[in-house]
There are 2 protein chains.
Amino acid sequence: MTTPDDATRTLADPTPDAAADLVERGIETGALVTLFGRCRVDYDGRATSTLGSGDRHVMLKPDGAALVHTDEGQQPVNWQPPGCEHSVRVAEGDLVVESERSTPEEELVVTFESVAHAAAFDVTDASDLSLSGTEADLRERILDDPDLVEPSFTPLATERTTPAGAVDIYGEDDDGRTVVVELKRRRVGPDAVGQLDRYVDALARDLHDDAELRGILVAPSVTDRARELLAQKGLEFVSLSPPEA
Amino acid sequence: MTTPDDATRTLADPTPDAAADLVERGIETGALVTLFGRCRVDYDGRATSTLGSGDRHVMLKPDGAALVHTDEGQQPVNWQPPGCEHSVRVAEGDLVVESERSTPEEELVVTFESVAHAAAFDVTDASDLSLSGTEADLRERILDDPDLVEPSFTPLATERTTPAGAVDIYGEDDDGRTVVVELKRRRVGPDAVGQLDRYVDALARDLHDDAELRGILVAPSVTDRARELLAQKGLEFVSLSPPEA
DNA sequence: AGTTGCATCTCGAGC
DNA sequence: GCTCGAGGTGCAACT
């Protein structure tokens, strides 16, 4: 049985040894561990980074993820992805937290000069996020009412594979011409045009049917440059957004 | 003057009112505020999401960022970017934390059934991250020793603008032919080929000099599909990684 | 404020 | 495990 005191363990201004004990136990018991204090951070792996002394918030997740947050930005200043092994030790009087993995080999080391706060939380979370307004929702909107692309458009397949990748919607128009539709949930730039162009090009080679092939980019809007590229490549644009709800 | 007690304020199993006071004061004083407890999360803005009851860690940063973390994943399950206005209130006995912004209009609401922990940390962090192994480092490596691309390659400009965007390195080869170099710090797929192709294409139109134009993708490696696309487009590949240090 | 492309992108799906 | 593309991508640089 878990009482509130068991579920959450916290320490204010702990000694390095006391903090290490809490973190160690937290890692072992699958808790979500947080630390706040003055620290340095070193990372080596896909890239290499160093960060001098400053106050940061460190989170160690039971799935192996590690996050180091400063007072600014949505993104952690340093991190380690899920699947890592966390460990903690005291070295030369400093609390040292490490998180490492292989494939690729990479390691994160946080060295605390001082720890202002340490906590371990037992987490129970069975809920899944329900998200709407995605590209998948836009696809459903079109499959429900293909005329939104153009009158008499007929979807034949989704995620149809081509030598260049999977086409969002593959179908044909009123005149029986093959249509490749690329969907984007938001305003698009040149990259999306390049993507559609790759698919159309690949399918043209596959079908030996270049003249009868159309490519349509469906998105809320396009940038100027994207519009120019569409024109250059002979591709089309239809303005459509994901459903509100 | 700031004592350790001033710098860090924490509450265990606080009442909603006590937690609200701490959060309110933390927001006002520019502290980094964290909460842990059972909550629901609702977001509406660029998309829409709901998340049922579960134990999560919430961080409110003084720059206006908000993060909601579950026990899994490197990414927050919900968030709000920097620049938002945080607010807190007690409604029907629940602690409710809100974070909102305009342009685009979006709002995050976290409703706590129970709060296990609340904390406010005063943050001092003057250090900047030093990162190496980036695309910029790869570019420097080539500018230092252009022969790494090919013997007698001569860089003429970086970030040269074309109608399709900026070229990483623009130069010429031994025979005076124009060379467009696209850099990637890691293994690349079809998207990078499309990008290089766009630049070469745009520059060809600009220079009216199609035959003498070469495109070289410089990266550690390429996927099979990317290699096929390179061949189709008449583009080249040179294997090179960012420097180790 | 809008555009463009990088990122230790992360994440999920498919293979 | 790798590949590929979406993402409420975030983020900086530039216009």
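Basis for what follows: all heavy atoms, side chains included, without hydrogens, waters or symmetry-related copies. Proteins get letters first, then strands, A, B, ... in listed order; numbering begins at 1 in each. This is a predicted model, so every value here is computed, not measured.
- Judged purely by atom type and a 3.5 angstrom limit, D144(A) has no side-chain atom pairing as donor or acceptor with the backbone of R141(A).
- Distances shorter than 4.0 Å separate none of the side-chain N or O atoms of W79(A) from OP1 or OP2 on dC9(C).
- If you check residues 35-58 of chain A against DNA chain C, the residues with a heavy atom closer than 4.0 Å are Y43(A), R46(A), A47(A), listed by number.
- For the C1' atoms, the distance from dG5(D) to dT9(D) is 13 Å, rounded to whole Å.
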Listed pairs under 3.5 Å, donor-acceptor, residues 186-194 of chain A side chains, sequence neighbours left out:
unit_1  : atom_1 : unit_2  : atom_2 : d
R187(A) : NH1    : S221(A) : OG     : 3.1
R187(A) : NH1    : V222(A) : O      : 3.2
R187(A) : NH2    : V222(A) : O      : 3.3

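- If you take atom P in dC11(D) and the same atom in dC11(C), they sit 15 Å apart, rounded to whole Å.
- Put simply, the side chain of D42(A) never gets that close to the backbone of T50(A): no donor and acceptor are under 3.5 Å apart.
- Bounding nucleotides for the chain B contact on DNA chain D, 5' to 3', at a heavy-atom distance below 4.0 Å, are dT3(D) to dC11(D).
- Remark: R185(B) engages no residue in a side chain to side chain donor-acceptor pair (under 3.5 Å) (not counting sequence neighbours).
- Judged as a ring pair (Phe, Tyr, Trp, His ring centres under 6.0 Å), the pairs with a partner in residues 50-77 of chain A (not counting sequence neighbours) are, in order, H57(A)-H57(B).
- Between L67(A) atom CG and W79(A) atom CH2 the span is 10.0 Å, to the nearest 0.5 Å.
- Residues satisfying the side chain to side chain donor-acceptor pair (under 3.5 Å) criterion with S99(B), sequence neighbours excluded, are H86(B).
- Proximity of Y199(B) to the phosphate of dT4(C): no side-chain N or O atom is located under 4.0 Å from OP1 or OP2.
- Under a 4.0 Å N-O distance rule, the pair R101(B)/E85(B) does not qualify as a salt bridge.
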Could you list the protein-to-nucleotides 11-15 of chain C atom pairs, N/O on both sides, closer than 3.5 Å?
unit_1  : atom_1 : unit_2 : atom_2 : d
dC11(C) : OP1    : Q74(B) : N      : 2.6
dC11(C) : OP1    : Q75(B) : N      : 2.9

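- One finds no salt bridge joining K61(B) and D71(A) here, because no Lys/Arg side-chain nitrogen approaches an Asp/Glu carboxylate oxygen to under 4.0 Å.
- When each of E106(B) and G165(A) is assigned the nucleotide of DNA chain D with its nearest heavy atom, G165(A) is the one assigned upstream, toward the 5' end.
- For S49(B), the side chain to side chain donor-acceptor pair (under 3.5 Å) partners two or more places apart in sequence, or in a different chain, are N78(B).
- Looking only at distances, a side-chain donor or acceptor of D55(A) sits under 3.5 Å from a matching main-chain atom of T124(B).
- A65(B) comes within contact range of no nucleotide atom at all, as no heavy-atom separation falls under 4.0 Å.
- The gap from the P atom of dT8(C) to that of dT4(C) amounts to 23 Å, rounded to the nearest Å.
- Every residue two or more places apart in sequence or in another chain that forms a side chain to side chain donor-acceptor pair (under 3.5 Å) with D173(A) is listed here: R177(A), R214(A).
- Applying a 4.0 Å cut-off to non-hydrogen atoms, the residues of residues 130-146 of chain B that approach DNA chain C are L131(B), T134(B), E135(B), listed by residue number.
- Counting non-hydrogen atoms of neighbouring residues, nucleotides and ligands closer than 6.0 angstrom, the CZ atom of R40(A) reaches no more than 12 such neighbours.
- Interface residues of residues 182-197 of chain A facing DNA chain D, ordered by number: E182(A), K184(A), R185(A), R186(A), Q195(A); criterion, heavy-atom separation under 4.0 Å.
- No side-chain donor-acceptor contact under 3.5 Å links E72(A) to the backbone of P82(B).
- Within a heavy-atom distance below 4.0 Å of DNA chain C, the residues of residues 223-235 of chain A found are T223(A), R225(A).
- Judged by distance alone, the side chain of T178(A) and the main-chain N or O of L213(A) form no donor-acceptor pair under 3.5 Å.
- Surrounding CG of D224(A) are at most 12 heavy atoms belonging to other residues, nucleotides or ligands under 6.0 Å away.
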Q) Passes side chain to side chain donor-acceptor pair (under 3.5 Å), Q195(B) versus K184(B)? Steps please. A) CA-CA 11 Å; Q195(B) 204 179 332; K184(B) 292 295 167 189; 3.2 Å; yes

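- Checked for salt-bridge contact, R139(B) and E159(B) meet the test: a charged N lies under 4.0 Å from a carboxylate O.
- Atom-to-atom, CD of Q80(A) to P of dA7(C) comes out at 18 Å; the value is rounded to the nearest Å.
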